[in-house]
Amino acid sequence: MASDSSFDIVSKIDRQEADNALNQAAKEISSRYDFKGSGAAIEWKGEAIQMRADGEDRVTSVLDVFQSKLVRRGISLKSLEAGDPYPSGKEHRIDATLKEGIDKESAKEISKIIRDEGPKGVKAQIQGDELRVSSKKRDDLQAVIALLKGKDLDVDLQFVNYR
């Protein structure tokens, strides 16, 4: 009797890479000519990231620099949740967070895609902030991975623990 093969679908961020991207962005912002005298800065505020500058367009440019550093470090922009610029005293700010884990709505959407479009005999179970996908055939699991990579979901997915 063949046992089920399985893998987990997760959404995780390498914190060290995110920290490196933030430090690189801060270094570039401090040395770039177009940010001189604008009070532009980016830093961690607990688990959140705060960007600030003297104008709305400058703070948006700070966000662009940070996004480019994240992409270069291999972190998907789907993981970055940035708010809109808002005035705070004489400066403008943007608050952003890096989201990890698959929320309930996205997990239900992913399992529905697997049920409707995936091969027969593939089961998906929601386990907290991740999904466990199992099947008797490994080829079916490969097909599910290919199916999900082809979909444009609003969550950055990784496929781990393939057994």
For Asp34, is there any backbone N or O sitting under 3.5 Å from a side-chain donor or acceptor partner on Ser38?
no
Enter the distance from Arg72:CZ to Gln67:CD here, rounded to the nearest 0.5 Å.
13.0 Å
Does the side chain of Ser106 come under 3.5 Å of the side chain of Asp103 through a donor N or O and an acceptor N or O?
yes
Val160: hydrophobic cluster co-members (side-chain, 4.5 Å)
Val10
Contact summary for Lys36 and Ser30, nearest pair of heavy atoms
NZ-O, 3.2 Å
Going through the checks in order, is the side chain to side chain contact (heavy atoms under 4.5 Å, CB included) test met by Val65 and Ile42?
CA-CA 10 Å; Val65 169; Ile42 181 170; over 6 Å; no
Which residue pairs pass the side chain to side chain donor-acceptor pair (under 3.5 Å) test with at least one member in residues 118-129, sequence neighbours excluded?
none
Is Leu80 reachable from Leu157 through a run of hydrophobic residues whose side-chain heavy atoms are each under 4.5 Å from the next?
no
With rounding to the nearest 0.5 angstrom, report the CD to NZ distance, Glu109 to Lys104.
15.0 Å
Of the non-hydrogen atoms in Ser135 and Leu141, which two are nearest, and what is the gap between them?
CB-CD2, 3.8 Å
Contact list for residues 47-104, test ring pair (Phe, Tyr, Trp, His ring centres under 6.0 Å), sequence neighbours left out:
none
Would you kindly confirm whether Val122 and Leu153 end up in one hydrophobic cluster when ILVMFWY residues are joined by side chain heavy atoms under 4.5 Å apart?
yes
Between Glu130 and Arg132 (salt bridge meaning N to carboxylate O under 4.0 Å), is one present in this structure?
no
Hydrophobic cluster membership, Ile13 vs Ile9, 4.5 Å side-chain cutoff
no
Flag side-chain contact, heavy atom, 4.5 Å: Leu147 against Ile113
yes
Could you check Lys78, Lys12, Arg15 and say which one makes a salt bridge (Lys or Arg N to Asp or Glu O under 4.0 Å) with Glu100?
Arg15
Cut-off 3.5 Å, no hydrogens considered: what does the side-chain donor-acceptor table look like for residues 17-25, sequence neighbours left out?
residue	atom	partner	partner atom	Å
Glu17	OE1	Arg73	NH1	2.9
Asp19	OD1	Trp44	NE1	2.8
Asn20	OD1	Gln16	NE2	3.2
Asn20	ND2	Gln16	O	3.4
Asn23	ND2	Asp19	O	3.3

If you round to the nearest 0.5 Å, how far is CD1 of Ile110 from CG of Leu148?
6.5 Å
Passes side chain to side chain contact (heavy atoms under 4.5 Å, CB included), Ser6 versus Arg163? Steps please.
CA-CA 5 Å; Ser6 68; Arg163 306 186 195 111; 4.2 Å; yes
How many angstroms lie between atom CD1 of Ile94 and atom OG of Ser88, to the nearest 0.5 angstrom?
13.0 Å
Is Glu43 close to Ile49 at the side-chain level, that is, under 4.5 Å between some pair of heavy atoms?
no
Note: Ile29 and Ala41 closest approach over all heavy atoms is CG2-N, 4.3 Å
Ionic contact status for Arg58 with Glu56, cut-off 4.0 Å
no
Ala96 to Met51 - nearest heavy-atom pair and separation:
CB-CE, 3.7 Å
Can you list the steps and then say if Asp140 with Gln142 is a side chain to side chain donor-acceptor pair (under 3.5 Å)?
CA-CA 5 Å; Asp140 289 349; Gln142 294 283 356; over 6 Å; no
Test side-chain contact (heavy atoms from CB on, under 4.5 Å) applied to Ala124 - qualifying residues, sequence neighbours left out:
Ser111, Ile114, Leu131, Val133
Taking only residues two or more places apart in sequence or in another chain, which ones pass ring-ring contact (aromatic ring centres under 6.0 Å, His included) with Phe7?
Phe159
Do Val59 and Leu77 share a hydrophobic cluster (ILVMFWY, side-chain heavy atoms under 4.5 Å, transitive)?
yes
Which value, rounded to the nearest 0.5 Å, describes the distance between Ser79 atom OG and Asp14 atom CG?
11.5 Å
Is a salt bridge present between Asp139 and Lys137, judged by a nitrogen-to-oxygen distance below 4.0 Å?
no
Can you get from Leu70 to Val155 by hopping between Ile, Leu, Val, Met, Phe, Trp and Tyr side chains that sit under 4.5 Å apart?
no
